[in-house]
Q: 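Sending over a structure as structure tokens; questions will come in a sec.
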Amino acid sequence: MDSDHDIKTRVTTLEELKVQRKGDDCLVVIYTPVESDLGRRHVLDKETITIGRDRENDIVLDSDSVSRRHARIEHRDSRIYVTDLDSTNGTYVNDEADPVSNCQLRRGDQVKIGDTIFKYLSGSDVEAQYHETIFNMTITDGLTDVGNKKRLDQVVQKEIPRATRHRRELALLMIDIDHFKDVNDTYGHLAGDSVLREMASILQKRLRPDDELGRYGGEEFAALLPETSLEGAVKIADDLRKLVEGHPFVVEGEQIKITVSIGVAELQPGMDAKAFFRASDEQLYKAKNGGRNRVCPAPADFAS
């Protein structure tokens, strides 16, 4: 979702500035299928605020995955709580696997309602938090909380000259979820979103602190591995593949098998960012065409 323009427009819109009152707790939309709503701030200036699909709600989310009256935000004893209103798809806070019925919100919490994710901002520095959130949205995927394509492009553009200058190895993984469309078609897009979030968490835990993981688009992730040879990158890629294959993904109470195909490339002399991504992407296609659930490294003599 490339919505930098929408985000920047929303920050500078006069109508938005009118409601951005310093110190007001609020919910900010950080992920949504409706790009024009991305970055929208909902100030929690009433004792009770309802969220749902019906127009009489204070916050209206026009989505079939949202119940008519889905959830309620309440002020209680100087604290903010979210309460689920027996919604069909549940209300989720942060990365908890189970929906909440009633939960106190703390600064920075994420609230997922249907296919929309809010971030809760509170305290005397709400304005600073808001602008930091907006900035982070330009380089972070709101669903998985890892870098987005823009962030990945920036890091690769920076790391290629660094690796070349210091004669260091650099590797790139392109990771694609096998048959992901079947998950969406069988279980729905909310289930697909859940798989994507869990996938990002699995990959992130195996990668090293200096590695850069990002969602490249749709069901595709990329990982940049500094100071890593082709052989080392293949080992890491196969570890990731095995971790995903062995992970118990649970969707609607049913355990489903998820696998990934991974293409691996090593930076070669003369390669620019475009050629580097193309090299790993071509290996990904070979992995997919070779039967999926496998790692396919690029040949060492791959040329741009």
Side-chain angles (χ1 to χ4, degrees), residues 1-4 7 30-31 95 110 132-177 180 195-244 247 260-285 287 295-298 302 304:
M1 182 184 297
D2 186 5
S3 48
D4 290 358
I7 294 170
I30 62 171
Y31 180 80
D95 293 325
Q110 293 185 9
E132 180 182 5
T133 299
I134 292 297
F135 170 75
N136 287 336
M137 286 167 60
T138 66
I139 59 173
T140 305
D141 176 57
L143 177 65
T144 60
D145 207 29
V146 298
N148 59 14
K149 185 177 184 297
K150 178 179 179 179
R151 168 66 179 171
L152 284 166
D153 289 340
Q154 290 175 344
V155 174
V156 170
Q157 292 280 2
K158 180 182 69 175
E159 289 294 334
I160 286 179
R162 179 180 297 175
T164 302
R165 183 168 61 251
H166 297 289
R167 298 182 180 179
R168 293 173 179 168
E169 296 163 319
L170 184 66
L172 179 65
L173 312 181
M174 294 298 288
I175 307 161
D176 190 80
I177 302 176
F180 184 69
V195 168
L196 287 168
R197 287 170 67 92
E198 203 161 351
M199 178 67 65
S201 177
I202 294 168
L203 300 176
Q204 191 78 282
K205 287 176 181 176
R206 167 58 183 89
L207 293 172
R208 303 160 301 186
D210 290 338
D211 298 333
E212 184 76 26
L213 175 68
R215 185 181 175 196
Y216 202 68
E219 65 270 28
E220 194 171 43
F221 294 83
L224 186 69
L225 313 179
E227 300 187 30
T228 306
S229 66
L230 182 63
E231 182 181 0
V234 169
K235 172 64 168 63
I236 291 173
D238 204 46
D239 285 349
L240 295 174
R241 182 193 64 79
K242 291 174 181 176
L243 282 172
V244 172
H247 184 79
V260 292
S261 298
I262 305 177
V264 187
E266 183 180 27
L267 183 68
Q268 300 296 315
M271 267 189 177
D272 60 10
K274 184 176 180 180
F276 198 18
F277 276 112
R278 186 170 68 243
S280 57
D281 209 36
E282 289 186 4
Q283 297 309 306
L284 172 61
Y285 280 116
V295 173
C296 191
F302 187 94
S304 60

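Only heavy atoms go into these numbers, but all of them, side chains included; no hydrogens, no water, no symmetry mates. All residue numbers refer to positions in the sequence shown, counting from 1.
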Q: side-chain contact (heavy atoms from CB on, under 4.5 Å), that's the test. Do T164 and L267 meet it? Break it down for me.
A: CA-CA 9 Å; T164 302; L267 183 68; 4.2 Å; yes

Q: Atom CD1 of I139 and atom CG of D153: how far apart are they, to the nearest 0.5 Å?
A: 12.5 Å

Q: Is there a side-chain contact between L243 and K205 in this structure, where contact means two heavy atoms from C-beta onward sitting under 4.5 Å apart?
A: no

Q: Take E220 and D281 through the side-chain contact (heavy atoms from CB on, under 4.5 Å) test and state the conclusion after the steps.
A: CA-CA 10 Å; E220 194 171 43; D281 209 36; 3.4 Å; yes

Q: Compare every heavy atom of E169 with every heavy atom of S229, then report the nearest pair and how far apart it is.
A: CB-OE2, 3.3 Å

Q: Determine the minimum heavy-atom distance between R206 and I236, stating which atoms define it.
A: NH2-CG1, 3.7 Å

Q: Evaluate the criterion side-chain contact (heavy atoms from CB on, under 4.5 Å) for residue pair D95 and R197; output intermediate values, then yes/no.
A: CA-CA 8 Å; D95 293 325; R197 287 170 67 92; 2.8 Å; yes

Q: Working to the nearest 0.5 Å, report the span between CD1 of I30 and CD of Q110.
A: 3.5 Å

Q: Between D145 and T140, is there a donor-acceptor pair closer than 3.5 Å when you use the side chain of the first and the backbone of the second?
A: no

Q: Taking only residues two or more places apart in sequence, or in another chain, which ones meet A171 in a side-chain contact (heavy atoms from CB on, under 4.5 Å)?
A: L225, T228, A233

Q: Looking at CZ of R151 and CG of L213, how far apart are the two atoms once the value is rounded to the nearest 0.5 Å?
A: 11.5 Å

Q: Please name the pair of heavy atoms, one in L284 and one in S261, separated by the smallest distance, quoted to 0.1 Å.
A: CD1-O, 3.2 Å

Q: Taking the side chain as C-beta and beyond, is there a heavy-atom pair between Q154 and Q157 under 4.5 Å?
A: no

Q: Hey, are the side chains of E198 and H247 touching, using non-hydrogen atoms and a 4.5 Å cut-off?
A: yes

Q: What pair of heavy atoms forms the shortest contact from V234 to P297, and how long is it?
A: CG2-CB, 3.5 Å

Q: How many angstroms lie between atom CD1 of I175 and atom CG of L203, to the nearest 0.5 angstrom?
A: 5.0 Å

Q: Would K274 and D272 count as a side-chain contact (heavy atoms from CB on, under 4.5 Å) if you check the C-alpha gap in whole Å, the side-chain angles of each, and the deciding distance to 0.1 Å?
A: CA-CA 6 Å; K274 184 176 180 180; D272 60 10; 3.8 Å; yes

Q: Between D211 and P226, which heavy-atom pair has the shortest distance, and what is it?
A: OD1-CD, 3.5 Å

Q: As an exercise, state the distance from CG of L196 to CZ of F221, rounded to the nearest 0.5 Å.
A: 5.0 Å

Q: Does a side-chain heavy-atom distance below 4.5 Å link L152 with L224?
A: no

Q: Can you tell me how far CD1 of I262 sits from CZ of R241, rounded to the nearest 0.5 angstrom?
A: 8.0 Å

Q: Between S280 (side chain only) and F277 (backbone N and O only), is there a donor and an acceptor less than 3.5 Å apart?
A: yes

Q: Taking all non-hydrogen atoms of both residues into account, name the closest pair between A200 and V146 and its distance.
A: CB-CG1, 4.1 Å

